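Reviewing the structure listed below.
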Amino acid sequence: MQALIPSHPRAAGRPSLALTELESMSDEDQLKLQRIKNRDSLTELGIDPYGRRLDDVDRMVAVRERADRLNIAAGEKTEMRARLAGRVMLKRVMGKLAFLTVRDGTGQIQFGLSKSELGEQWSIVKKLDLSDIIGAEGIIGKTKTGELTLWVNHLTFLTKALRPPPEKWHGLVDVDLRYRRRYVDLFANPEVRDVFHQRGAIIQAIRSYLVGLGYLEVETPVLQPIYGGAAARPFTTHHNTLDMDLFLRISPELYLKRLLVGGLERVFEISRNFRNEGMSTRHNPEFTMLELYEAYADYNVMMERVEQMVSAAFEASAKQAVPQKLAAIRAEVQRLQAEKGEEAAQAYAQESRLAAYEEAAGGIDKGRLTAVFNGQVLDFTLPWNRRKYADLLAEYGGVEIHDKDAVFAKARDLGIYETLTTRLGDHPPPPTDAAAGSLIDHAVLVSEIFEETVEHHLTQPTFVYDYPAAICPLTRRHPEDDAIALRFEAIACGMELGNAYTELNDPEIQAENFRKQVAGEGDETMAVMDEDYVLALEYGMPPAGGLGVGIDRLVMLLTDSSSIRDVILFPLQRPQST
RNA sequence: GGGGGUGUAGCUCAGUCGGUAGAGCAACGGCCUUUUAAGCCGUAGGUCUUGGGUUCGAGUCCCAACGCCCUCACCA
């Protein structure tokens, strides 16, 4: 294959391939060779197949808007001139007239090219392949079927594509290939670009919300000698000069709180975190988290921050995307009705969640913050539900949180106790409460029961607050109940969206919690004692509220993406062996 | 790691009971100045993921490996 790519940049003097060579080539190579020939023909015509800067290029969306205001009649050509550039997606040639569908970053517009108008440039059209990138100048008009068209009088060849695009109707479907060649996915499947436009808009909205409140955006280390701030296995790496092992951060939390000590009273970081754990539709080894800390606040303030931030994110994404998607689904349903009949249309409506989109779009019309995720309608309208952890546990789990016997019995019923003891390995404790209590904390059982019985009921955005203290080592205790921590999680669709505390700023309690954790199970996921963090607290950290929001998951919910890989541009893939 | 699914042309997919490989798109040649996934005529394109096995004969059945997807487990 290497030999097919001529080393000399000019066509002249390239050896022609023998017929036998052509026959022995793979299909893929033959397609590429054809395009190489076209490229070389362009060179022979004196055209650089890898063109250069093109100034004053109009964006297609802007040209469309301008044209709309002109009320162009079908068959009419206007005085309006435009210069456009983009990738050739479709090509329809009929003798001396050709139509191209060309796509730029904002949309697509039909180019009309005729031999009579283009003159000698018509020879370029013949050498044009799908996926080539071109620029064109001309006048705007509409064809007699009413299609907005740039009638081209000058073409600028910009880039030859040596590889063919995917199938023009279905696009790139193979999930593996979509992630591996995201660049193809992005230009071939416009809805993928929409998701990442929305992702950008969501992050932008969050950022301006926080900056508007006087927050400072900061950056803290990714390479950390001690990891902490979450319970997760880290990636390890090594610095050669210092001859030192380092960890990729699992969380920025402990660094950000050091900044509170330093007097940066409102800080946030949009941080890439790395956790060396299992992958799933909701977990990628690297993921993006927003963390923020606000001095003199507490977890109640953080609830407001979440609500406001998600509202802003919604405005920037789903508020426009949901009605647009509904319109697209309806159009497709109509097309199917006309072409394939009622049955096919119904099947498509079902599959594309037409009903949910209708409901959500209807909600938006009435000023509600409704979106669709996995066929469910989510309502982010403020205020969100606020439910006490213990109340939910009683309601769905049927146990009173302080009733150790009941909790233990429930854990056994659910098989949780057995699972946990299996995890402990060689030393299964006798099945008595006292013995269990010594090896498996009451709070751990409670937490497991909660996950098992409550979480999947929490579809609509809900703040679950006041968690068992034993599972919250960085959180301040409830003033009236030492077993309760001032923590909440924001949960939607059974998925943890955010996690917030009234921060623990007592250095002695913090040190003790670290010690307990380290002693705890001796498991590699356990936190490491961070002496410097305790030292920082000893200098005095103002009372504060802190919050973490999983950006990828928020984007999933707002863009109806069922897998985290659909909202990460280049999700981790095993390298392909050839 | 367990379970389920899947892998056929560059792309999207068929392939019946085991009988020797099919379509559409893309490509190539031809016709075509208003197309909309343009159309029409013609041509070419395959290590059926890989390796074993059963069989006269395997894309198809069996075993194993590999990739990907889903799911469970793990992951507060």
Side-chain angles (χ1 to χ4, degrees), chain A residues 22-35 37-38 74-75 77 89-101 108-118 122 129-131 141-149 151 161-181 184 188 230-233 250 275-283 285 335 339 419 422-423 441 443-444 446-448 450-451 455 467-468 470-475 485 487 489 496 499 517 520-521 523-527 562-563 565 571 573-578:
Chain A
L22 191 92
E23 279 169 348
S24 68
M25 270 190 302
S26 71
D27 193 18
E28 191 172 11
D29 286 342
Q30 288 184 36
L31 291 171
K32 190 166 157 186
L33 180 68
Q34 192 55 48
R35 283 165 177 264
K37 282 181 178 164
N38 284 341
K77 289 183 183 176
M89 304 306 294
L90 299 171
K91 188 180 171 196
R92 298 174 289 278
V93 186
M94 46 224 78
K96 303 185 184 75
L97 178 72
F99 291 102
L100 307 179
T101 301
Q108 56 185 35
I109 280 184
Q110 172 168 276
F111 288 9
L113 307 116
S114 68
K115 186 175 183 183
S116 55
E117 187 63 37
L118 281 177
W122 182 250
D129 289 306
L130 290 183
S131 229
K142 278 190 180 173
T143 59
K144 66 185 184 189
T145 52
E147 179 78 16
L148 186 68
T149 300
W151 290 104
L162 296 185
R163 287 185 186 267
E167 212 260 359
K168 66 187 179 186
W169 185 244
H170 300 90
L172 188 61
V173 171
D174 184 285
V175 178
D176 185 35
L177 261 189
R178 284 187 44 221
Y179 298 146
R180 285 186 197 284
R181 302 192 186 163
V184 178
R233 272 185 284 175
I250 58 173
R275 297 189 181 174
N276 204 343
E277 285 165 0
M279 296 164 69
S280 77
T281 47
R282 294 169 176 201
H283 302 263
R335 194 190 67 84
E339 288 177 20
T419 311
T422 312
R423 252 186 254 164
D441 196 282
V444 173
V446 166
S447 168
E448 294 284 335
F450 187 90
E451 278 174 29
E455 269 186 0
Y467 274 65
I471 57 171
C472 311
L474 299 162
T475 312
R487 167 183 176 183
E489 284 194 6
E496 180 193 336
N499 185 11
Q517 263 199 304
E521 292 176 22
D523 174 313
E524 62 184 316
T525 66
M526 290 317 289
S562 57
S563 168
R565 287 179 218 107
Q573 299 273 135
R574 196 174 255 113
Q576 204 146 41
S577 55
T578 36

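Just so we're clear, the structure is a prediction, and the values are computed from it rather than from any experiment.
Across the strands present, B:A14 finds no partner; the criterion is a Watson-Crick or G-U wobble pair with both atom distances under 3.5 angstrom. Figure legend. B:C48 is base-paired to no nucleotide; pairs are counted as Watson-Crick or G-U wobble with both atom distances under 3.5 Å. Nucleotide B:C40: paired with B:G30 (Watson-Crick or G-U wobble, both distances less than 3.5 Å). Across all strands shown, B:G5 is found opposite B:C68 as a Watson-Crick or G-U wobble partner, with both distances under 3.5 Å. Partner assigned to B:U60 is none, using Watson-Crick or G-U wobble distances below 3.5 angstrom.
When the nearest nucleotides of RNA chain B are assigned to A:Arg275 and A:Gln573 by heavy-atom distance, the more 5′-ward of the two goes with A:Gln573. Comparing A:Pro166 and A:Leu130 against RNA chain B, the residue whose closest nucleotide sits nearer the 5' end is A:Pro166.
Ranking B:U34, B:C75, B:C69 by closeness to the A:Val175 side chain, first place goes to B:C69. Out of B:C75, B:U34, B:C11, the shortest distance to the side chain of A:His283 is found at B:C75. Considering only side-chain atoms of A:Leu31, the nucleotide from B:A27, B:U34, B:U33 that sits closest is B:A27. For A:Asp129, whose side chain is taken as the heavy atoms from C-beta onward, the closest listed nucleotide among B:C11, B:U34, B:C28 is B:C28. Nearest to the side chain of A:Lys77, among B:U12, B:C68, B:U34, sits B:U34. With B:A37, B:A26, B:C11 as the choices, the nucleotide that has an atom nearest any side-chain atom of A:Leu172 turns out to be B:C11. You'll find that the side chain of A:Ser116 is closest to B:U33, out of B:U33, B:C11, B:A38. Between B:U12, B:U34, B:A38, one nucleotide has an atom nearer to the side chain of A:Asp174 than all others, and that is B:U12.
In this entry the distance linking CE of A:Met279 with P of B:C68 reads 8 Å, nearest Å. Per the geometry, CD belonging to A:Gln30 stands 12 Å off C1' belonging to B:G46, to the nearest Å. To the nearest angstrom, P of B:G1 lies 13 Å from CZ of A:Arg233. Between the CG atom of A:Leu33 and the P atom of B:A26 there is a distance of 20 Å, given to the nearest Å. In this structure, the CZ atom of A:Arg35 is 13 Å from the C1' atom of B:C28, given to the nearest Å. To the nearest angstrom, C1' of B:A26 lies 16 Å from CH2 of A:Trp169. Straight-line distance from the CG atom of A:Asn38 to the C1' atom of B:A26: 13 Å, rounded to whole Å. For the pair A:Asp176 CG and B:G7 P, the computed distance is 14 Å after rounding to whole Å.
Rounded to the nearest 0.5 angstrom, A:Ile471 CD1 and A:Phe450 CZ are separated by 9.0 Å. In this structure, A:Asp129 CG and A:Arg163 CZ are separated by 14.0 Å, a value rounded to the nearest 0.5 Å.
Between the side chains of A:Gln30 and A:Arg35, not a single donor N or O lies within less than 3.5 Å of an accepting N or O. A:Gln108 and A:Thr101 share no donor-acceptor pair across their side chains, judged by distance under 3.5 Å alone.
Annotation: B:G24 and B:G42 have their P atoms spaced 11 Å apart (nearest Å). Rounded to a whole angstrom, the distance from the C1' atom of B:G1 to that of B:A44 is 48 Å. Comparing the same atom, C1', in B:A23 and in B:C48 gives a spacing of 16 Å after rounding to whole Å. Atom C1' of B:G4 sits at a distance of 29 Å from the matching atom of B:U47, rounded to the whole Å. Annotation: B:C40 and B:G5 have their C1' atoms spaced 42 Å apart (nearest Å). B:G7 sits 46 Å from B:U33 when the C1' atoms are compared, rounded to a whole Å. Atom name P, nucleotides B:U60 and B:G51: the rounded distance is 13 Å, in whole Å. Rounded to the nearest Å, the gap between the C1' atom of B:A14 and that of B:U8 is 10 Å.
Salt-bridge check for A:Asp176 with A:Arg180: passed, with a basic side-chain N closer than 4.0 Å to an acidic carboxylate O.
You'll find the side chain of A:Leu148 reaches within 4.5 Å of the side chain of A:Ile109, heavy atoms only.
A:Arg92 has a side-chain polar atom (N or O) that falls below the 4.0 Å cut-off from OP1 or OP2 of B:A38. Distances shown here put a side-chain N or O of A:Arg565 below 4.0 Å from the OP1 or OP2 atom of B:C69. Proximity of A:Gln34 to the phosphate of B:A27: no side-chain N or O atom is located under 4.0 Å from OP1 or OP2. Side-chain N/O atoms of A:Thr281 include none lying less than 4.0 angstrom from OP1 or OP2 on B:C70. Residue A:Lys168 has a polar side-chain atom (N or O) positioned under 4.0 Å from OP1 or OP2 of B:A38. One finds no side-chain N or O of A:Arg178 lying less than 4.0 angstrom from the OP1 or OP2 phosphate oxygen of B:U12.
Nearest heavy atom pair, residue A:Tyr467 against residue A:Cys472, reads CB-SG, 3.7 Å. Summarising the geometry of A:Ala232 relative to A:Ile250, their closest heavy-atom pair is O-CD1, 3.8 Å, with the distance given to 0.1 Å.
Among the atoms of the strands shown, none is found under 4.0 Å from any heavy atom of A:Pro468. A:Gly171 comes within contact range of the sugar-phosphate backbone alone, with a heavy-atom separation under 4.0 Å but no base atom that close. Residue contacts for A:Asn499: at a heavy-atom cut-off of 4.0 Å it reaches no nucleic acid atom on any strand shown. Using a 4.0 Å heavy-atom cutoff across all strands shown, A:Ile471 reaches at least one base atom of the nucleic acid. Base engagement by A:Trp151 is indicated by at least one non-hydrogen atom pair under 4.0 Å involving a base atom.
Taking the six-membered ring where tryptophan is involved, the planes of A:Trp151 and A:Phe99 are perpendicular, since the angle between them exceeds 60° and thus also 30°.
Side-chain N/O atoms of A:Thr143 and base N/O atoms of B:U35 include a donor-acceptor pair closer than 3.5 Å. A:Gln110 contributes a side-chain N or O that forms a donor-acceptor pair with the base of B:U35 under 3.5 Å. Under 3.5 Å, the side chain of A:Ser280 and the base of B:U71 form no donor-acceptor pair of N or O atoms.
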